[in-house]
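For reference, the structure discussed in these notes is given below.
What's counted below: heavy atoms across the whole structure, side chains too, no hydrogens, waters or symmetry copies.
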Amino acid sequence: MASTRSPEASTQTALPSGPTVFKTIPYAFILPEILCGAWVWILVAATSVSLPLLQGWVMYVSLTSCIISLLLLLIYLFGLHRNSENWKVLDSLYHGATAILYMSAAVLQANATIHSEFGSNSPLHYQLNTAASFFAFITTFLYILHAFSIYYQ
């Protein structure tokens, strides 16, 4: 008896739900994105803001992307996506756009770090800014990995 399934349905991968989210690439990147993004937010908030416009953008990008990524993680954990292909497109577009925004925030944070080195701030603020820059670039890399891996999947 011939199979009634189309060849497109057999190559289509199912979106993960529940704990398999943490085992499936690229969805396993969501939790590290959230954690590293939260570190950026916390470290920038802990410094004395010498350049409010620059670090305000860093705070906005890190906090907003952290919240949206947390919502996406919860959607995947509870299976609210219902295995729709539209979620793959949304996920890819979100992570691609966020990677670009995070790259701009990471560069601005690095600029703020350079300015804090020569400012009258204490060495602690420079170290916090340096750590925030490091985590901003790590988070950018995670978002880029996620966007490309879901695009090529």
Side-chain angles (χ1 to χ4, degrees), residues 6-47 49-117 125-153:
S6 68
E8 296 161 356
S10 63
T11 60
Q12 193 178 57
T13 58
L15 292 172
S17 294
T20 58
V21 170
F22 301 114
K23 300 174 188 174
T24 309
I25 299 291
Y27 307 101
F29 292 132
I30 295 177
L31 189 59
E33 290 165 0
I34 293 169
L35 294 176
C36 289
W39 271 112
V40 172
W41 176 57
I42 291 167
L43 290 167
V44 172
T47 65
V49 178
S50 57
L51 302 165
L53 188 60
L54 300 181
Q55 290 181 303
W57 176 249
V58 175
M59 289 287 287
Y60 173 75
V61 169
S62 62
L63 184 61
T64 304
S65 61
C66 200
I67 290 171
I68 294 173
S69 293
L70 182 63
L71 289 174
L72 271 175
L73 179 64
L74 292 175
I75 285 170
Y76 286 127
L77 281 176
F78 293 123
L80 300 175
H81 52 75
R82 297 190 181 153
N83 209 17
S84 171
E85 276 297 309
N86 295 335
W87 280 102
K88 280 189 175 183
V89 174
L90 174 77
D91 194 284
S92 180
L93 288 174
Y94 165 70
H95 281 89
T98 305
I100 293 168
L101 294 176
Y102 236 111
M103 179 59 81
S104 71
V107 169
L108 291 176
Q109 180 58 37
N111 186 16
T113 302
I114 292 168
H115 284 289
S116 72
E117 179 182 17
H125 294 294
Y126 174 70
Q127 292 168 353
L128 290 172
N129 279 325
T130 304
S133 296
F134 173 77
F135 280 108
F137 281 107
I138 294 295
T139 308
T140 302
F141 181 67
L142 287 169
Y143 276 105
I144 290 170
L145 276 177
H146 189 125
F148 276 117
S149 59
I150 199 158
Y151 178 74
Y152 286 116
Q153 193 176 37

Shortest non-hydrogen pair, L43 vs T47, comes out as O-CG2, 3.2 Å
Which value, rounded to the nearest 0.5 Å, describes the distance between H115 atom NE2 and Y126 atom OH? 12.5 Å
Could you tell me whether the side chains of T98 and S65 share a donor-acceptor contact shorter than 3.5 Å? no
For T140 and A99, which heavy atoms make the closest approach, and how far apart are they? CG2-O, 3.8 Å
Show, in sequence, the C-alpha distance, side-chain angles and deciding distance for S62 and F135, and conclude whether the side chain to side chain contact (heavy atoms under 4.5 Å, CB included) test is met. CA-CA 10 Å; S62 62; F135 280 108; over 6 Å; no
Straight-line distance of W41 CH2 to T139 OG1, nearest 0.5 Å: 14.0 Å
Heavy-atom closest pair (T113 atom, S133 atom, distance to 0.1 Å) is OG1-OG, 2.8 Å
Please determine, by modelled atom types, if S69 and Y94 share a side-chain donor-acceptor pair under 3.5 angstrom. yes
Looking at V107, is its backbone amide N or carbonyl O close enough to the side chain of N111 to form a donor-acceptor pair, meaning the two atoms are under 3.5 Å apart? no
Over all atoms of both residues, closest heavy-atom pair of V40 and A132: CG2-O, 3.9 Å
Do the ring planes of Y143 and Y102 sit parallel (below 30°), tilted (30 to 60°) or perpendicular (above 60°)? parallel
Heavy atoms only: give me the nearest S92-A147 pair and the separation to one decimal. OG-O, 4.0 Å
Go through the steps for N129 and Q109 under the test side chain to side chain contact (heavy atoms under 4.5 Å, CB included), then give the verdict. CA-CA 7 Å; N129 279 325; Q109 180 58 37; 3.1 Å; yes
Please round to the nearest 0.5 Å and tell me the distance separating atom CG of L72 and atom CG of L77. 11.0 Å
Exercise: identify the closest heavy-atom pair between W87 and L90: CZ3-CD2, 3.2 Å
Table please: side-chain donor-acceptor pairs of residues 28-39 below 3.5 Å, with sequence neighbours left out.
unit_1: E33; atom_1: OE1; unit_2: H95; atom_2: NE2; d: 3.0
unit_1: E33; atom_1: OE2; unit_2: H146; atom_2: ND1; d: 3.4

